[in-house]
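Here's the structure, in structure tokens; my notes come after.
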Amino acid sequence: MSRLTYITDEQASQTAAASFDGIRQKIGMVPNLYRIMANEPAVLSANLAMNEALSSGSFSAATREAIALAAAGANSCDYCASAHTAISRGLKVGQDEIDRRLEGRSSDAKLDSILKFAVAVIAERGFVGSAQIDAARAAGLTDGEIIETVGNVIANIFTNYVNHVAETDIDFPVVRAGAQQAA
């Protein structure tokens, strides 16, 4: 059971209700994470706006989801591992690749570099070394892609931490992020 209140449709402020309507139109439901964030509509709006802005970057939805899985694995966020596994399956990503992404790896060389860099950003709390930047560039990442990786990492740390604080009930098929790290 969550440690924070889920805001129902009836309890939602006008701002949160409008956000709920938009979420429901996009994915057919309002996940528990967003109902937790709606305790402060500005937080919900900020999260949605950041993700919307990042969706217009150069990374595909599959790449953004891969970063989300790597962040969920690195931060042991079962909620996000579950949600982003479901989304990745909808994008036709196979289970073996989903498992790799939860470990911060990929069978695709460039995506593997992006995920390794993303996990390094998390592990080093942003203080990555020059060698990690050089490795990302050597793998073909542009400075724009390096910054876009950081932006996506931050967006996912945001949701990972909200879920840790709230102990959000998982409303997707359950995937345990911690099991991926131990493997």
In the single-linkage hydrophobic clustering (I, L, V, M, F, W, Y; side-chain heavy atoms under 4.5 Å), do Ile87 and Leu33 co-cluster?
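No, it is not one cluster - the side chains of Ile87 and Leu33 are not joined through contacts under 4.5 Å.
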Which pairs pass salt bridge (Lys or Arg N to Asp or Glu O under 4.0 Å) with one or both residues in [range], sequence neighbours excluded?
range	result
residues 42-61	Lys26-Glu52
residues 149-164	none
residues 119-136	none
residues 65-77	none

Each residue besides [X] in its hydrophobic cluster should be listed here, by chain and number; the cluster joins Ile, Leu, Val, Met, Phe, Trp and Tyr at side-chain heavy-atom distances under 4.5 Å.
X	value
Val119	none
Met1	none
Ile146	Met50, Leu54, Phe59, Ile67, Leu111, Ile114, Leu115, Phe117, Val121, Ile122, Val128, Ile133, Leu141, Val150, Val153, Ile154, Ile157, Tyr161

What is the minimum heavy-atom distance between [X] and [Y], and which atoms define it?
X	Y	answer
Ser19	Ser45	OG-OG, 4.2 Å
Ala62	Arg101	O-NH1, 3.9 Å
Ala81	Ala72	N-CB, 3.5 Å
Ser113	Ala139	OG-CB, 2.8 Å

By side-chain hydrogen bond (donor to acceptor under 3.5 Å, both in side chains), which residues pair with Gln14, not counting sequence neighbours?
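side-chain hydrogen bond (donor to acceptor under 3.5 Å, both in side chains) list for Gln14, sorted by chain: empty.
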Using a 3.5 Å distance criterion without hydrogens, assess whether the side chain of [X] forms a donor-acceptor pair with backbone atoms of [Y].
X	Y	value
Asn47	Leu44	no
Asn51	Ala155	no
Gln11	Thr8	yes
Ser2	Leu4	yes
Thr85	Ser82	no
His84	Ala71	no
Tyr6	Asp169	yes

What is the distance from atom [atom1] of [X] to atom [atom2] of [Y], rounded to the nearest 0.5 Å?
X	Y	atom1	atom2	value
Ser58	Glu148	OG	CD	3.5 Å
Ile36	Glu167	CD1	CD	10.5 Å
Met29	Phe172	CE	CZ	4.5 Å
Glu40	Ser13	CD	OG	8.5 Å
His164	Asp78	NE2	CG	8.5 Å
Thr168	Tyr34	OG1	OH	11.5 Å

Go through the structure and list residues passing salt bridge (Lys or Arg N to Asp or Glu O under 4.0 Å) with [X], not counting sequence neighbours.
X	result
Arg105	Glu103
Asp96	none
Asp171	none
Glu145	Lys110

I'd like to know if the side chain of Asp99 pairs up with that of Gln95 as donor and acceptor (distance under 3.5 Å, no hydrogens or angles considered).
yes
Can Tyr79 and Asn32 be counted as having a side-chain donor-acceptor contact under 3.5 angstrom?
no
Asp108 vs Arg100, side-chain contact (heavy atoms from CB on, under 4.5 Å): CA-CA, chis, key distance, verdict:
CA-CA 11 Å; Asp108 176 85; Arg100 278 190 286 278; over 6 Å; no
